[in-house]
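The chain is numbered in sequence order, starting from 1.
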Amino acid sequence: MREITVEQYIQMDKAVPVDVRSPIEFEECSIPGAVNVPLFTNEERVEIGTLYKKEGSDAAKWRAMEMVSPKIPFMLGKIRDLKNEGYQPVIYCWRGGMRSKSVATFLTYAGVSFPRLVGGYRAYRQYILENTAGLIPDQSVVLHGMTGVGKTDVLKVLNERGYPVIDLEEMAGHRGSIFGSFGMGDGSTQKTFDALLYQALSEVKGSPYIIMEAESKRIGKVIQPNELLDTKKTGIHIDMFAGMESRVLRILRDYVEPYKQEEWFKPKVSESLVFIKKRLKNPEIRAQLDEAVEKETYELLIKLLLEHYYDPRYAFKQHDYEGQFHQVNADDVEAAAEAVIKIIETQNAPVL
């Protein structure tokens with residue numbers, strides 16, 4: 001049985017982590033790109049844990065053997081298929097213990113041998129936490145702007161052109177506002193975010209700078225590392241602006257149109273507005289927001305929120321950053337991306 005360290009795994013070409021933990025463990029956190037081939041279902045894991053506490057290790061191991069035996073051909077076949085597709089499977093569990101060792105042993109007996117990750121997911125997480133800061137370039141290009149100006153759209157264009165973009169909202173599974181979780185599920189856990197950030201920084205390793213949005217320290221449920229926040233404070237700052245009409249249309253496109261027919265949409269809008277209305281002193285505006293939701297006039301709702309809630313708060317956010325702010329009109333996304341590139345050039349940052 002071959003064992004490899006996290007550092008060796010990271011250096012492998014076309015490696016695919018094979019997570020043999022239960023589905024619930026896999027959903028909470030996993031190595032990016034991992035395939036879940038669980039030894040036990042969620043229910044089986046609970047049963048074995050309970051048996052271990054009540055009757056001891058031997059009874060739990062015997063029951064585990066009874067559960068796993070019928071699954072072995074399917075599991076090994078699924079892992080072998082990855083190899084046949086040109087990938088290099090790497091077996092891991094939580095701590096690199098009995099579960100990954102068992103699967104690696106089964107594979108060896110079946111005539112196919114794949115490496116096992118020493119220390120499992122826990123060792124992987126420790127490694128990325130220790131090494132993420134070292135991947136952050138000294139310089140950053142930071143896109144600022146009011147809600148709906150198209151910062152994410154510009155990032156996508158720059159990414160497609162090969163620029164070193166870090167999309168923090170995508171990693172967090174949250175767009176950073178009260179409505180930021182719409183259409184993005186439950187959002188990433190901190191462990192998932194940390195892993196995705198490490199992976200993204202690894203992919204632009206060697207770049208003299210990175211391009212990202214001026215997100216708050218907390219995005220949804222996750223928190224950015226201080227080292228990333230520090231490089232943003234002194235970066236090249238680009239303040240994007242756009243007309244109210246284009247901003248409203250972008251927000252409709254991203255937050256409303258894909259989901260407005262879903263049963264959860266209207267109740268979730270009302271629920272999210274509760275927090276906002278507490279911060280609005282004008283009772284007339286609060287009443288207009290309620291009416292817009294009730295009549296499903298979402299274009300009006302967005303306009304009211306921008307004018308009376310989001311826009312007045314934007315100016316204060318810029319105080320957290322140092323240096324000059326360059327202005328870019330983002331009504332046209334392609335033109336805005338070109339303007340960002342020109343600003344990078346004039347600031348003596350190498351254009352890739």
Side-chain angles (χ1 to χ4, degrees), residues 2-21 25-36 87-97 100 114-142 155 159 162-174 187-235 349-350 352:
R2 184 159 64 98
E3 296 184 334
I4 62 172
T5 65
V6 173
E7 190 168 8
Q8 288 173 317
Y9 155 72
I10 288 172
Q11 294 172 354
M12 289 176 64
D13 183 40
K14 298 198 75 174
V16 173
V18 176
D19 191 323
V20 299
R21 299 175 300 159
E25 294 173 281
F26 181 77
E27 290 172 9
E28 181 187 357
C29 59
S30 63
I31 298 175
V35 175
N36 190 208
Y87 298 103
Q88 297 190 61
V90 177
I91 314 302
Y92 80 93
C93 59
W94 172 239
R95 292 182 296 184
S100 61
F114 300 124
R116 170 174 166 262
L117 188 65
V118 176
Y121 179 82
R122 191 168 67 171
Y124 170 81
R125 175 159 173 76
Q126 181 178 351
Y127 181 90
I128 64 171
L129 291 179
E130 291 174 352
N131 290 277
T132 293
L135 294 174
I136 300 173
D138 294 332
Q139 191 169 29
S140 63
V141 178
V142 187
L155 283 180
N159 184 58
Y163 286 87
V165 168
I166 302 294
D167 191 338
L168 296 169
E169 290 184 351
E170 183 176 4
M171 295 175 206
H174 199 283
S188 298
T189 64
Q190 187 67 48
K191 291 177 181 177
T192 297
F193 175 79
D194 292 338
L196 292 174
L197 178 60
Y198 176 86
Q199 182 183 46
L201 289 169
S202 297
E203 290 172 357
V204 298
K205 185 178 180 180
S207 170
Y209 62 91
I210 50 177
I211 308 171
M212 54 190 165
E213 287 190 46
E215 301 287 351
S216 301
K217 182 172 184 176
R218 178 179 288 276
I219 312 173
K221 297 186 292 186
V222 306
I223 297 175
Q224 300 178 59
N226 290 329
E227 295 85 356
L228 191 63
L229 295 170
D230 290 342
T231 195
K232 282 198 284 188
K233 287 180 181 178
T234 57
L352 305 181

Next item on the list: Determine, stepwise, if the pair Ile128 / Gln199 fulfils side-chain contact (heavy atoms from CB on, under 4.5 Å).
Entry: CA-CA 9 Å; Ile128 64 171; Gln199 182 183 46; over 6 Å; no
Note to self: Would Gln126 and Arg122 count as a side-chain contact (heavy atoms from CB on, under 4.5 Å) here? Give the steps.
What the structure shows: CA-CA 6 Å; Gln126 181 178 351; Arg122 191 168 67 171; 5.8 Å; no
Note to self: Could you go through Val18 and Phe114, starting from their C-alpha distance and side-chain angles, then the distance that decides it, and tell me whether this counts as side-chain contact (heavy atoms from CB on, under 4.5 Å)?
What the structure shows: CA-CA 10 Å; Val18 176; Phe114 300 124; over 6 Å; no
Next item on the list: Decide yes or no on side-chain contact (heavy atoms from CB on, under 4.5 Å) for Arg21 and Cys29, but give the supporting numbers first.
Entry: CA-CA 11 Å; Arg21 299 175 300 159; Cys29 59; 3.9 Å; yes
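The CD atom of Glu3 sits 12.5 Å away from atom CD1 of Ile91, with the distance rounded to the nearest 0.5 Å. Going from atom OG of Ser30 over to atom CG of Asn36 covers 8.0 Å, rounded to the nearest 0.5 Å. Atoms CD and CG, from Glu169 and Leu155 in turn, are 8.5 Å apart once rounded to the nearest 0.5 Å. Taking CD1 of Ile4 as the start and OH of Tyr9 as the end, the distance is 8.5 Å to the nearest 0.5 Å. Annotation: the span from Lys233 atom NZ to Ser140 atom OG amounts to 12.0 Å, rounded to 0.5 Å.
Aromatic ring pairs are classed by plane angle as parallel below 30°, tilted from 30° to 60° and perpendicular above 60°; the pair Trp94 and Tyr121 is parallel.
Judged by distance alone, the side chain of Thr231 and the main-chain N or O of Asp138 form a donor-acceptor pair under 3.5 Å. The closest donor-acceptor contact from the side chain of Thr189 to the backbone of Glu28 lies under 3.5 Å.
Heavy-atom minimum distance, Glu227 versus Ala133: CG-CB, 3.7 Å. For the pair Pro17 and Tyr92, the tightest heavy-atom approach, listed with the atom from each and the gap, is CB-CE2, 3.5 Å. Residues Ile166 and Met171 share a closest heavy-atom pair of CG2-CE, 3.3 Å. Closest approach of Val142 and Lys232 over heavy atoms only: CG2-O, 3.7 Å. The nearest pair of heavy atoms linking Ile223 to Arg218 is CD1-NH2, 3.5 Å. For Gly97 against Cys93, the heavy-atom pair with the smallest separation is N-SG, 3.2 Å.
At a threshold of 4.5 Å between non-hydrogen side-chain atoms, the residues Lys191 and Arg125 count as touching. Side-chain contact between Val141 and Tyr163 is absent, with no heavy atoms from C-beta onward closer than 4.5 Å. Put simply, the side chain of Val204 reaches to within 4.5 Å of the side chain of Ile210, judged on heavy atoms. Residues Ile31 and Leu117 form a side-chain contact, since some pair of their non-hydrogen atoms from C-beta on lies under 4.5 Å apart. Using a 4.5 Å heavy-atom threshold, the side chains of Leu197 and Leu135 count as separate. With a 4.5 Å cut-off on side-chain heavy atoms, Pro89 and Val16 do not count as touching. Looking only at side-chain heavy atoms (C-beta outward), Lys217 and Asn226 come within less than 4.5 Å of each other.
By the salt bridge (Lys or Arg N to Asp or Glu O under 4.0 Å) test, Glu213 is found to be paired with no residue, residues two or more places apart in sequence or in another chain being considered. Residues passing the salt bridge (Lys or Arg N to Asp or Glu O under 4.0 Å) test with Glu27: none are found, sequence neighbours excluded.
Counting non-hydrogen atoms of other residues, nucleotides and ligands closer than 6.0 Å to OH of Tyr87 gives a total of 12 or fewer.
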